[in-house]
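What's counted below: heavy atoms across the whole structure, side chains too, no hydrogens, waters or symmetry copies. Within every chain, numbering begins at 1; the chains are lettered A, B, ... in the order of the sequence lines, protein sequences first and strands thereafter.
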Number of protein chains: 2
Amino acid sequence: MTDAATASARDRFDRMHAILRNRICLLDYAPGTRLSEEALAAEFGVSRTPLRRVLSRLEGEGLLQSVHGVGTFVTDVEVEELAQTYRLRLELAELTGRLDPVAPDAALWADLRALLDRARGFGADPDPRAYAELIMDVFLALLRLTANEPLREICERLYFRTTRIWLKSVFAGRLDLASEVDVFRREVEDIVMALQVGDLHSAALIQRAHISMSFERMRRGLSG
Amino acid sequence: MTDAATASARDRFDRMHAILRNRICLLDYAPGTRLSEEALAAEFGVSRTPLRRVLSRLEGEGLLQSVHGVGTFVTDVEVEELAQTYRLRLELAELTGRLDPVAPDAALWADLRALLDRARGFGADPDPRAYAELIMDVFLALLRLTANEPLREICERLYFRTTRIWLKSVFAGRLDLASEVDVFRREVEDIVMALQVGDLHSAALIQRAHISMSFERMRRGLSG
DNA sequence: CGCGATGTAGATGTGCACAACATGGAATCG
DNA sequence: CGATTCCATGTTGTGCACATCTACATCGCG
């Protein structure tokens, strides 16, 4: 039995964790939203106890905050901390190309081609949710270019912590979604081209540049 | 009421978390040790439920691992992951001097002077546990030299995750404790000197160099 | 004697009832 | 009328009993 019917405690935990993390990072639950332990436990078909363990983990990852007698809320991110995080992510992005880089294997090449197709499949009026998912999938795929496990874990952590704030700006219309999709498509194309030449460091630098530019666009969008 | 009598749920959690983390990182619980939920709950005067929340958090930080029906164990770190972590910590150490550096304030100066005294107070046969505590306190103090909160959080995380492995080598006698203390005293002196000149970046580079060298000494100690 | 099935002890995981706490509104007193 | 107190309500936190699972010893069979 390798199908979904085998539901060990660990599997259930991972499943609920991944689902809730995605909902938070893809803005199904906007920052500030209150999550009902009772409702979520009922949805997943478990009692509050195991669900609370998942919420506690998400709190440790900085995505939730529980307050006794009040509720469990999706966290927001202060602008100053957001800026600090992006400055850090710039450096870490470059590190992924410098620390234990690994050339893409066949599986990663296949995934990258599929992601490229998805990026090119968006029309004039892109679906925000699908765009958000694509960005996340691309990010996670590019993370496989480094074999440095701690570095990957940290990049993931920072990404999950802050991407939704950037997404919020896009979805709020302060950034033009169609042009954002276009810029992102070019980014993926550039990175894939660098990878085809075998230049992992350049691929990382391109990603770094795009992180920097997208943050800059958001900053201008917020102030404007 | 600001004294210890005010024991809110959050305070109890933080207290238990800090105590257990220190015990793990200072090798009171060696890697591989099984922790008894029942015994710890009794020690802290709570039931298993809130204690399990603490253990779950420590598991998320990579310090523990719970296995259903078997037990909760202090994690060990594979040599390869340890090497990756140290390579990453080198880069992050330099980043602390480059990203949002802040000059020491009066409180930090006072702490540094006290730490310097503690480093100079060790004799020919240093107490391992006191040395371990000093190293941790110095590390946490130097972290206050950057205002970049995410960077500090990440450095802390990696430090707590791996220091005990290095400590284990020292305590196992593969490294000469007295000479390690001497090297560490010099490191603190060098860093404080750089800080007195106001050169934060150099201070970070010194720290980086010492991390590199101490890891190299451990590598040679393990293979020899 | 070898070896597999089985039972048992002890661990973590789960469900549920209740305690502790914060919030908001109604009742009450000045 | 306003401020204050009190309480009703809903939430997270805790304690406890039980379910589930694993490792190990023990028994029984070939």
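- Of the candidates A/Gln65, A/Glu59, A/Arg164, A/Arg164 is the only one forming a side-chain hydrogen bond (donor to acceptor under 3.5 Å, both in side chains) with A/Thr75.
- The shortest distance between side-chain heavy atoms of B/Leu40 and B/Leu20 falls below 4.5 Å.
- Contact check on B/Arg52 versus B/Glu37 returns a salt bridge, with a Lys/Arg side-chain nitrogen under 4.0 Å from an Asp/Glu carboxylate oxygen.
- Figure legend: cation-pi geometry between A/Arg12 and A/Phe44 absent, as NZ or CZ is not positioned both under 6.0 Å from the six-membered ring centre and within 45° of its axis.
- Using a 4.5 Å cut-off on side-chain heavy atoms (C-beta onward), A/Phe171 and A/Leu27 make contact.
- In terms of the salt bridge (charged side-chain N to carboxylate O under 4.0 Å, His left out) criterion, B/Arg89 has no residue partners (sequence neighbours excluded).
- Listed by chain and residue number, B/Thr72 satisfy the side-chain hydrogen bond (donor to acceptor under 3.5 Å, both in side chains) test with B/Ser66 (two or more places apart in sequence, or in another chain).
- Between the two ends of the helix from C/dC1-D/dG30 to C/dG30-D/dC1, each summarised by a five-pair axis, the helix axis turns through 10° (rounded to 10 degrees).
- Looking at B/Leu108 and B/Leu145, their side chains come closer than 4.5 Å, going by heavy atoms from C-beta outward.
- Put simply, chain B comes within 4.0 Å of DNA chain D, heavy atom to any atom, from D/dG13 to D/dT22, going 5' to 3'.
- Residues forming a salt bridge (charged side-chain N to carboxylate O under 4.0 Å, His left out) with A/Glu180 (at least two apart in sequence, or on another chain): A/Arg217.
- Residues of residues 46-62 of chain A that place a heavy atom closer than 4.0 Å to DNA chain D, in numerical order, are A/Arg48, A/Arg52.
- Residues forming a salt bridge (charged side-chain N to carboxylate O under 4.0 Å, His left out) with A/Glu91 (at least two apart in sequence, or on another chain): A/Arg208, B/Arg98.
- A search for ring pair (Phe, Tyr, Trp, His ring centres under 6.0 Å) contacts involving B/Tyr29 returns nothing, not counting sequence neighbours.
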Got a list of protein N/O to nucleotides 8-10 of chain C N/O distances below 3.5 Å?
{"residue": "C/dG10", "atom": "N2", "partner": "B/Gly69", "partner atom": "O", "Å": "3.3"}

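- Listed in residue order, the members of residues 12-21 of chain A having a heavy atom less than 4.0 Å from DNA chain D come to none.
- Summary of the strand contacts: A/Ala9 and A/Val67 both lie near DNA chain C, and taking for each the nucleotide with the nearest heavy atom, the more 5' one is attributed to A/Ala9.
- For the residue pair B/Ser212 / B/Arg87, no side-chain donor-acceptor distance below 3.5 Å is found, with atom types taken as modelled.
- Look at CG on B/Leu64: it is 16 Å from P on C/dA11, rounded to the nearest Å.
- At least one side-chain heavy atom of A/Leu134 sits under 4.5 Å from a side-chain heavy atom of A/Phe184.
- What separates CZ of B/Arg10 from C1' of C/dA20 is a distance of 17 Å, to the nearest Å.
- Side-chain polar atoms of A/Arg219 and A/Ser214 form no donor-acceptor pair below 3.5 angstrom.
- Across all strands shown, B/Thr72 has heavy atoms under 4.0 Å from sugar-phosphate atoms exclusively, and none from any base.
- Among residues at least two apart or in separate chains, side chain to side chain donor-acceptor pair (under 3.5 Å) pairs with a member in residues 127-136 of chain B are B/Asp28-B/Arg129.
- Every residue was checked against the salt bridge (charged side-chain N to carboxylate O under 4.0 Å, His left out) condition with A/Glu149, not counting sequence neighbours, and none meets it.
- With rounding to whole Å, A/Phe73 atom CZ is found 13 Å from C/dA22 atom P.
- Residue-level contact check: B/Glu37 touches the backbone only, with heavy atoms under 4.0 Å from sugar-phosphate atoms and none from bases.
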